[in-house]
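These notes are about the structure you will find just below.
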Amino acid sequence: MSRGKVNRAGEAGYRQMLPGVERKTLVYGDNTLLSEFRLSKGAALPAHKHPQEQTGYLVAGRIVLTVNGERHDLKPGDSWVIPGNEEHSVEVAEDSLTVETFSPVREDYI
């Protein structure tokens, strides 16, 4: 079992994944990983899937999340869960900020 970890807020650690999509791994443990995504209006995450379950919360902005062909127009305060290996994509309607957890840990995000 890992020991507790604390990660302090700051601008360091953001990585551009795609144009208009930045990700920062906030903290991770043995079973979960917490990330923050900064999304610019007009950006898109193409359809993809991964084995990790993904839960998210829209802090600010507006996105359209599509999971297995079902579109969801999300606003601040909305949340979601995407089971592992479910195809999903995102269209960014406004500059947005999301916080998302992945389980098990996404090794590619460490």
Side-chain angles (χ1 to χ4, degrees):
M1 180 188 273
S2 68
R3 299 171 74 192
K5 297 178 186 178
V6 173
N7 188 29
R8 300 289 180 179
E11 285 297 311
Y14 287 95
R15 297 175 188 235
Q16 185 172 350
M17 296 177 60
L18 297 165
V21 178
E22 294 182 311
R23 172 189 50 81
K24 179 179 183 178
T25 295
L26 300 172
V27 69
Y28 62 93
D30 292 334
N31 301 304
T32 60
L33 179 139
L34 184 65
S35 299
E36 181 177 274
F37 290 84
R38 296 193 298 201
L39 310 168
S40 298
K41 180 180 179 177
L45 284 96
H48 66 284
K49 57 185 173 179
H50 42 75
Q52 294 84 2
E53 180 178 78
Q54 176 178 347
T55 58
Y57 177 79
L58 185 59
V59 177
R62 192 169 66 84
I63 64 172
V64 177
L65 172 66
T66 302
V67 181
N68 281 336
E70 187 175 341
R71 292 173 55 91
H72 307 275
D73 191 352
L74 303 177
K75 62 184 187 311
D78 290 342
S79 56
W80 55 90
V81 62
I82 304 167
N85 294 312
E86 294 281 322
E87 187 172 88
H88 55 285
S89 63
V90 174
E91 300 165 37
V92 185
E94 298 174 4
D95 288 349
S96 299
L97 179 67
T98 70
V99 175
E100 302 196 64
T101 301
F102 296 87
S103 179
V105 171
R106 284 194 67 152
E107 297 291 331
D108 57 330
Y109 280 16
I110 295 176

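One-based numbering along the sequence shown. Keep in mind that the numbers below use all heavy atoms, side chains included, and drop hydrogens, waters and symmetry copies.
Closest non-hydrogen pair, P76 versus A60, comes out as CG-CA, 4.0 Å. Taking all atoms of both residues into account, the shortest heavy-atom contact from R106 to D108 is NH2-OD2, 2.7 Å. Here the shortest heavy-atom pairing between P46 and S89 reads C-CB, 3.8 Å. G20 and A43 make their closest contact through O-CB, 3.7 Å (heavy atoms, listed as atom of the first residue, atom of the second, distance). L45 approaches V21 most closely through the heavy-atom pair CD1-CG2, 4.0 Å. A pairwise comparison of heavy atoms in G29 and V105 identifies O-CG2, 3.3 Å as the closest pair.
Judged by the 6.0 Å and 45° rule, K5 forms a cation-pi pair with Y28. By the 6.0 Å and 45° rule, R23 does not stack over the aromatic ring of Y14.
For the atom pair L58 CG and L65 CG, the distance stands at 10.0 Å (nearest 0.5 Å). In this structure, NZ in K75 is found 12.5 Å from CD1 in I63, a value given to the nearest 0.5 Å. Between atom OH of residue Y109 and atom NZ of residue K24 there is a gap of 15.5 Å, rounded to the nearest 0.5 Å. One finds the CG atom of D30 at 11.0 Å from the OG atom of S103 (value rounded to the nearest 0.5 Å). Between E91 atom CD and D73 atom CG the span is 9.5 Å, to the nearest 0.5 Å. Between the CG atom of L74 and the CZ atom of R62 there is a distance of 9.5 Å, given to the nearest 0.5 Å.
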Inset, instruction - Evaluate side chain to side chain contact (heavy atoms under 4.5 Å, CB included) for L39 paired with D95, printing each intermediate quantity in order. - result: CA-CA 6 Å; L39 310 168; D95 288 349; over 6 Å; no
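At a threshold of 4.5 Å between non-hydrogen side-chain atoms, the residues L34 and V99 count as touching. Side-chain contact between I82 and F102 is absent, with no heavy-atom pair separated by less than 4.5 Å. Taking 4.5 Å as the limit, some side-chain heavy atom of V81 sits within range of a side-chain heavy atom of E53.
Residues L33 and M17 fall within the same hydrophobic cluster, defined by Ile, Leu, Val, Met, Phe, Trp and Tyr side chains chained together at heavy-atom separations under 4.5 Å.
With sequence neighbours excluded, the residues forming a side chain to side chain contact (heavy atoms under 4.5 Å, CB included) with Y57 are V59, S79, listed by chain and number.
Q54 and E100 form a side-chain donor-acceptor contact under 3.5 Å, judged by distance and modelled atom types alone.
Comment: R38 engages E11 in a salt bridge, judged by a side-chain N to carboxylate O separation of less than 4.0 angstrom.
In this structure, the side chain of N7 does not engage the main chain of V27 through any donor-acceptor pair within 3.5 Å.
Residues H88 and H50 bring their aromatic ring centres within 6.0 Å.
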